[in-house]
Amino acid sequence: MRASLLCLLTLCVLPLACGERGAGDSEPEASVTVSSEPFGRLPDGTAVDLFTLRNETGIEVRAINYGGIILSLRTPDRDGQLGDVVLGYDALAGYLEETPYFGAIVGRYGNRIAGGRFTIDGTTYALARNDGSNHLHGGIVGFDKVVWSAAPFEAGDSAGVIFLYRSDDGDEGYPGTLDVTVTYTLTADDALVFDYRATTDAATPVNLTQHTYFNLAGDGSGDVLDHVLTIEADRYTAVDGALIPTGAIAPVDGTPLDFTTPMAIGARIDADHEQLRLAGGYDHNFVLNRDGPGLVHAVHVVAPSTGRTLDVHTTEPGVQFYSGNFLDGSITGKAGHVYHRRYGFCLETQHFPDSPNRPAFPSTILRPAFPSTILRPGEEYRSTTVLRFGVSEE
Ligand code: GLA
């Protein structure tokens, strides 16, 4: 069962991950590798494994099957020096004690569901409430806090790990048994692909994402306010003080949320704008510009100090740009680094927050290419996000 699933997934993932290759080209070299080793144990003795992906550029991704957490991600700067560009802890204990979702897979529903309730086909369901009176990032024990089955694979010019998890009926209040597969694939051409799939035996909300905190100047090197960001979004979903969407899909034009042209994250982050005051900075779902389904370019980021760049492509209609406003110096992470406010940022590709209670989301304009977040039996949830790492000579 596992072997055939693996085969199927590998076939599905590879065309996305491998880039373009002509039919007559020769067989690829095994230029991207994966290795695994034990990483630690949960208090109940459950083993946690570490998977290390490497390509010939030197990009190295270390991820564990607890929460699918990306522990470290080393990429070259403009001088070819490798550095870790994500926040986190050195050891498993940090992730078990307290973490603001560092590096983790988030589900069943990434972002917030108002009041921790929603109604499907006339039945109202009550979810765990873990963010005031609201439900956030899958609840108290979301997909970031469980051990996934994991299978590494190598396929020539890509390698990765497939994470599998069965979320039982009633998990955190959600209906239906949900089978989830998340594949991380590193490619020879410096992309890290997140591929999400899920099926269910009863209608349930699904909105999977990845919660890595980036600092392209290097983990622990300071805040990210000098990073220059472009987001391909003319609109965003306005929020209230609990970061629940008001329902308004507002234009970014003329506001500090306009990243349609390159702008330093810190240039306007403390501007006198209601949305920034409510969120303590950027913590907003940007409505990506798109004409239809498929991968679109969503975000470009460059760190001027190192030249490192990150490009995000996604099949999702939105991306939550979170500027690490809740980091407050209370966490000591890798190598003794203390994480102060805005020392990292997240780009959580997603359907819009609170969609189960907002029939008009993703938006009347985008429908029907992006139907509701309710997955039904017989359907397959699919989502892909591609991170591409590079350097800018500017
Ligand atoms: C998301 C949310 C933020 C915050 C972080 C975790 O990005 O939008 O408000 O909860 O996760 O600290």
Side-chain angles (χ1 to χ4, degrees), residues 67-70 86-89 94-95 97-114 116 127-145 172 194 207-215 223-224 227 229 231 233 236-246 257 259 265 269 274-287 298-299 301 312 314 316-333 338-356 358 361 373 385:
I69 291 170
I70 294 177
V86 304
L87 278 59
Y89 297 101
Y95 296 100
E97 279 154 23
E98 198 194 354
T99 166
Y101 308 93
F102 284 147
I105 297 169
V106 171
R108 289 189 194 188
Y109 198 94
N111 217 309
R112 293 168 175 81
I113 297 179
L127 298 173
R129 297 175 182 196
N130 59 326
D131 190 48
S133 60
N134 302 315
H135 178 86
L136 173 67
H137 290 339
I140 296 161
V141 183
F143 292 174
D144 58 300
K145 296 185 186 69
E172 298 294 308
F194 300 139
N207 190 32
L208 303 172
T209 190
Q210 225 288 342
H211 210 293
T212 289
Y213 289 67
F214 294 96
N215 185 328
D223 66 50
V224 294
H227 286 45
L229 179 67
I231 307 179
Y236 69 100
T237 48
V239 290
D240 66 16
L243 301 181
I244 296 292
T246 61
L257 288 93
F259 287 96
I265 291 174
I269 198 167
E274 189 195 22
Q275 287 294 311
L276 297 183
R277 277 198 305 277
L278 291 172
Y282 297 104
D283 196 350
H284 294 86
N285 171 63
F286 287 76
V287 176
V299 181
V301 196
V312 180
T314 187
E316 286 296 312
V319 61
Q320 184 87 4
F321 166 46
Y322 169 56
S323 55
N325 313 304
F326 295 126
L327 298 174
D328 61 3
S330 61
I331 290 175
T332 300
V338 176
Y339 296 135
H340 294 285
R341 194 165 189 225
R342 301 170 178 164
Y343 267 39
F345 66 92
C346 302
L347 295 166
E348 302 150 62
T349 51
Q350 60 184 6
H351 272 59
F352 303 173
D354 200 30
S355 289
R358 291 276 173 194
F361 283 1
T373 50
T385 292

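Predicted, not measured: the structure shown is a model, and the values here were computed from it. Whatever order the structure lists them in is the order used to number ligands and atoms, beginning at 1.
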Note to self: Can you tell me which residue among Ile113, Asp131, Thr237, Asn134 is in a side chain to side chain contact (heavy atoms under 4.5 Å, CB included) with Ile244?
What the structure shows: Asn134
Check: Nearest non-hydrogen atom to atom 7 (O) of ligand 1 belongs to which of Gln350, Gln320, His284, Glu348?
Finding: Glu348
Checklist line | Under 3.5 Å: N/O of Arg112 near N/O of ligand 1 | finding: yes
Margin query: Ring-plane angle category for Tyr322 and Tyr213, please: parallel below 30°, perpendicular beyond 60°, tilted otherwise.
Written below: perpendicular
Next item on the list: Identify, for atom 1 (C) of ligand 1, the protein heavy atom at the shortest distance, and state residue, atom and that distance.
Entry: His137 NE2, 3.1 Å
Next item on the list: Could you tell me whether the side chain of Gln210 and the main chain of Gly103 form a donor-acceptor pair under 3.5 Å?
Entry: yes
Notebook entry, point to check: Does the ring center of Tyr101 lie less than 6.0 Å from the ring center of His137?
Noted result: yes
Next item on the list: Could you tell me whether the side chain of Glu172 and the main chain of Gly139 form a donor-acceptor pair under 3.5 Å?
Entry: no
Notebook entry, point to check: Backbone, side chain, both or neither: what part of Tyr213 comes under 4.0 angstrom of ligand 1, heavy atoms only?
Noted result: side chain
Item checked: Proximal atoms of ligand 1 relative to Leu136 (non-hydrogen, under 4.0 Å) -> 10 (O)
Check: Does the gap between the ring centers of Phe345 and His227 come in under 6.0 Å?
Finding: yes
Check: Which atoms from ligand 1 have a heavy atom of Leu243 less than 4.0 Å away?
Finding: 9 (O)
Notebook entry, point to check: Should the proximity of Asp131 to ligand 1, defined as any heavy atom under 4.0 Å, be assigned to the side chain, the backbone, both, or neither?
Noted result: neither
Margin query: Whether the side chain of Arg341 engages the backbone of Asn325 through a donor-acceptor N/O pair (distance < 3.5 Å, no angle test) should be reported.
Written below: yes
Check: For atom 9 (O) of ligand 1, which protein heavy atom lies nearest, and how many Å away is it?
Finding: Asp283 OD2, 2.4 Å
Notebook entry, point to check: For ligand 1, is there an atom lying under 4.0 Å from some heavy atom of Phe345?
Noted result: no
